[in-house]
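Whatever order the structure lists them in is the order used to number ligands and atoms, beginning at 1. Given the structure is predicted, the values throughout are model-derived calculations rather than measurements.
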Amino acid sequence: MRVVVTGAAGFIGGQVTDALSHAGHEVLAVDAPGRALCPDAARPGWARLAGRPGVTRIEADLALDDLAGLVEADAIVHLAGRPGVRSSWGAGRALAERDNVTATRRLLEACAGRPARLRPRVVVASSSSVYGSAGLRPNREDDALDPASPYAVSKVEVERLTRQAARDGLRTVLLRYFSVYGPRQRPDMAFHRFVEAVLDGRPLPVFGDGRRSRSFTHVGDVAAATLAAVAAELPPGIAINVGHPEPVRVRAAIELLTGVLGVPAEIRSETPVAGDATRTWADPGRAARLLGWTAQTALAGGLADQISWHRGLRVHEEVRAG
Ligand SMILES: NC(=O)c1ccc[n+]([C@@H]2O[C@H](COP(=O)([O-])OP(=O)(O)OC[C@H]3O[C@@H](n4cnc5c(N)ncnc54)[C@H](O)[C@@H]3O)[C@@H](O)[C@H]2O)c1
């Protein structure tokens with residue numbers, strides 16, 4: 001299959017690109033690394049894909065450039081966008097609107113402009129944040145949405161556009177990702193900040209009291225679910241949770257993480273972020289039924305995997321510095 005991956009320079013996009021090319025697909029990797037929330041991570045993420053067999057890179061801003069030539073594919077995995085609840089307040093609101101909503105609208109319009117039999121299947125990244133905080137049971141896909149930040153509001157609009165495109169004849173599917181972690185995690189995300197703090201000998205910067213809980217989901221599992229969504233025949237416009245079914249408190253995750261690193265947990269509490277859910281909790285039933293997918297990676301092993309990546313990065317930097 002010929003598959004376009006938007007946001008291929010990013011954290012999840014890089015892993016999905018690797019998984020697709022390992023599975024023998026031809027990948028058209030699309031990104032505008034300068035637009036990333038963390039450009040210092042996206043630029044090496046983009047460079048990493050250069051010269052990779054079966055992967056062609058195209059630099060394009062989805063909110064601005066002509067997309068007609070980009071959508072000539074069997075499938076599109078649309079991961080490009082402006083992630084993050086915290087950074088979506090203030091000036092971030094317009095950026096979330098531009099790189100999530102406008103970019104998605106333009107991409108879907110370009111797909112709809114293809115002759116009907118040549119229209120690609122489109123897998124679109126959404127987020128657990130559309131639910132707001134989970135209650136006493138896991139969130140199912142048909143629960144009412146309660147977005148509590150400009151980022152979450154932008155993803156609700158992305159979902160509306162994606163469902164509308166399905167009604168207009170595109171084969172679209174929405175994947176609601178839950179707190180993704182693992183190698184190459186974005187530098188603004190919790191585990192990345194925690195591991196770097198420990199390796200630097202600093203206290204861990206924790207927003208709030210550490211009692212929040214998350215369906216932390218390893219990026220390898222997320223890539224597997226995304227590939228399954230590319231291959232499956234699914235009801236057009238459907239949303240599917242991609243999340244680990246067992247939420248873990250941030251405090252417990254820190255204990256696991258410092259246990260793997262072999263240091264005591266020294267925490268510096270920071271003001272909680274407005275709009276940050278107290279709990280995210282994925283009901284895994286629909287993903288199991290429609291994709292044959294459930295998260296496989298337990299948090300302890302997944303964190304060990306991420307920590308190895310951080311250590312490797314430091315060794316690499318030391319070697320480069322001579
Ligand atoms: N990481 C998570 O835990 C998580 C959770 C839920 C949803 N998501 C969603 O998954 C997707 C990928 O997240 P990520 O963590 O890999 O983020 P990321 O920032 O690492 O990757 C996003 C990529 O999109 C690119 N991009 C941004 N605007 C663009 C534009 N206008 N044109 C072309 N490229 C553009 C960036 O350069 C970046 O490389 C996002 O849509 C995000 O909202 C992520």
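Residue A103 places no N or O, backbone or side chain, under 3.5 Å from any N or O of ligand 1. Inclusion of Y177 in the set of residues having an N or O under 3.5 Å from an N or O of ligand 1 is not warranted. Some N or O of A32 is nearer than 3.5 Å to an N or O of ligand 1, by distance alone. At a 3.5 angstrom cut-off on N or O pairs, A42 does not count as close to ligand 1. Considering backbone and side-chain atoms alike, P83 places every N or O at 3.5 Å or more from each N or O of ligand 1. Taking only nitrogen or oxygen atoms, main chain and side chain alike, D31 reaches within less than 3.5 Å of ligand 1.
With a heavy-atom cut-off of 4.0 Å, P33 touches ligand 1 through its backbone alone. For A8, no heavy-atom contact with ligand 1 is shorter than 4.0 Å. Neither the backbone nor the side chain of F178 comes within contact range of ligand 1; no heavy atom lies under 4.0 Å. Only the side chain of M189 comes within 4.0 Å of ligand 1, counting heavy atoms alone; its backbone N, CA, C and O stay farther away. Contacts between S129 and ligand 1 below 4.0 angstrom, taking non-hydrogen atoms only, are absent altogether. Heavy atoms of A41 found under 4.0 angstrom from ligand 1: none, in either backbone or side chain.
Between R286 and N241, every side-chain heavy-atom pair lies at or beyond the 4.5 Å cut-off.
Counted by atom type alone, H310 and Q306 present one or more donor-acceptor pairs between their side chains at under 3.5 Å. For the 3.5 Å distance criterion, the side chains of T162 and T172 fail to qualify, holding no donor opposite an acceptor.
In terms of protein heavy atoms, atom 21 (O) of ligand 1 is closest to G10 CA, 3.4 Å. Looking only at heavy atoms of the protein, atom 32 (N) of ligand 1 is closest to L62 N, 3.0 Å. Nearest protein neighbour of atom 41 (O) of ligand 1, counting heavy atoms only, is K155 NZ, 2.9 Å. Atom 35 (C) of ligand 1 has A80 CB, 3.7 Å as its closest protein atom, hydrogens excluded (heavy atom only). What sits closest to atom 3 (O) of ligand 1 on the protein, heavy atoms only, is V180 N, 2.8 Å. The protein heavy atom nearest to atom 33 (C) of ligand 1 is A60 O, 3.2 Å. At the shortest separation from atom 20 (O) of ligand 1 among protein heavy atoms lies F11 N, 2.9 Å.
Listed by number with element, the atoms of ligand 1 under 4.0 Å from a non-hydrogen atom of I12 are 1 (N), 10 (O), 13 (O), 16 (O), 44 (C). Atom numbering of ligand 1 starts at 1 in the shown order; those under 4.0 Å from a heavy atom of R186 are 1 (N), 14 (P), 15 (O), 17 (O), 18 (P), 19 (O), 20 (O). Within ligand 1, the atoms closer than 4.0 Å to a non-hydrogen atom of D99 are 28 (N), 30 (C), 31 (N), numbered from 1 in the order shown. Taking every heavy atom of S179 and a limit of under 4.0 angstrom, the matching atoms of ligand 1 come to 3 (O). Annotation for ligand 1: atoms under 4.0 Å from non-hydrogen atoms of S126 are 6 (C), 7 (C). Of all atoms in ligand 1, listed by their number and element, those nearer than 4.0 Å to a heavy atom of D61 are 30 (C), 31 (N), 32 (N). The atoms of ligand 1 that sit less than 4.0 Å from any heavy atom of A9 are 39 (O). Close approach of ligand 1 to R98 (heavy-atom distance below 4.0 Å) involves ligand atoms 31 (N).
Between E157 and K155, no side-chain nitrogen of the basic residue sits less than 4.0 Å from a carboxylate oxygen of the acidic one, so the salt-bridge criterion is not met. Using a 4.0 Å cut-off between charged nitrogen and carboxylate oxygen, D18 and R184 count as a salt-bridge pair. Ion pairing of R163 with D168 is absent here, as no side-chain N (NZ or NE/NH1/NH2) approaches a carboxylate O to less than 4.0 Å. Taking a cutoff of 4.0 Å between a charged side-chain nitrogen and a carboxylate oxygen, E270 and R86 do not qualify as a salt bridge. Salt bridge annotation for D143-R137: present, with a cationic side-chain nitrogen under 4.0 angstrom from a carboxylate oxygen. Checked for salt-bridge contact, R176 and E159 meet the test: a charged N lies under 4.0 Å from a carboxylate O.
The heavy atom nearest to atom 26 (N) of ligand 1, considering only A36, G13, G243, G81, is found in G81. Around atom 40 (C) of ligand 1, the closest heavy atom drawn from T217, L79, V219 belongs to L79.
Hydrophobic cluster membership differs between V124 and L290, with clusters built from Ile, Leu, Val, Met, Phe, Trp and Tyr side chains linked at under 4.5 angstrom. No continuous path of hydrophobic side-chain contacts links V230 to I76 [ILVMFWY only; heavy atoms under 4.5 Å]. Linking Ile, Leu, Val, Met, Phe, Trp and Tyr whenever their side-chain heavy atoms come within less than 4.5 Å leaves W309 and V219 in two separate clusters.
Applying the side-chain hydrogen bond (donor to acceptor under 3.5 Å, both in side chains) rule to pairs touching residues 87-101 yields R35-D99, D61-R98, N100-S154, sequence neighbours excluded.
What you find for P147 and V153 is that their closest heavy atoms are CB-N, 3.7 Å. The two residues A274 and V85 have their closest heavy-atom pair at O-CG1, 3.7 Å. Of all heavy-atom pairs between L299 and A253, the closest is CD2-CB, 3.9 Å.
Using a 4.0 Å heavy-atom cutoff, Y151 is listed among the residues neighbouring ligand 1. The closest approach between Q185 and ligand 1 stays at or above 4.0 Å for every heavy atom of the residue.
The aromatic rings of Y181 and F216 sit perpendicular to each other, their planes meeting at more than 60°, with 30° as the lower class boundary.
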Between H78 and T6, does the side chain to side chain donor-acceptor pair (under 3.5 Å) criterion hold? Intermediate values first, please.
CA-CA 5 Å; H78 176 43; T6 76; 2.8 Å; yes
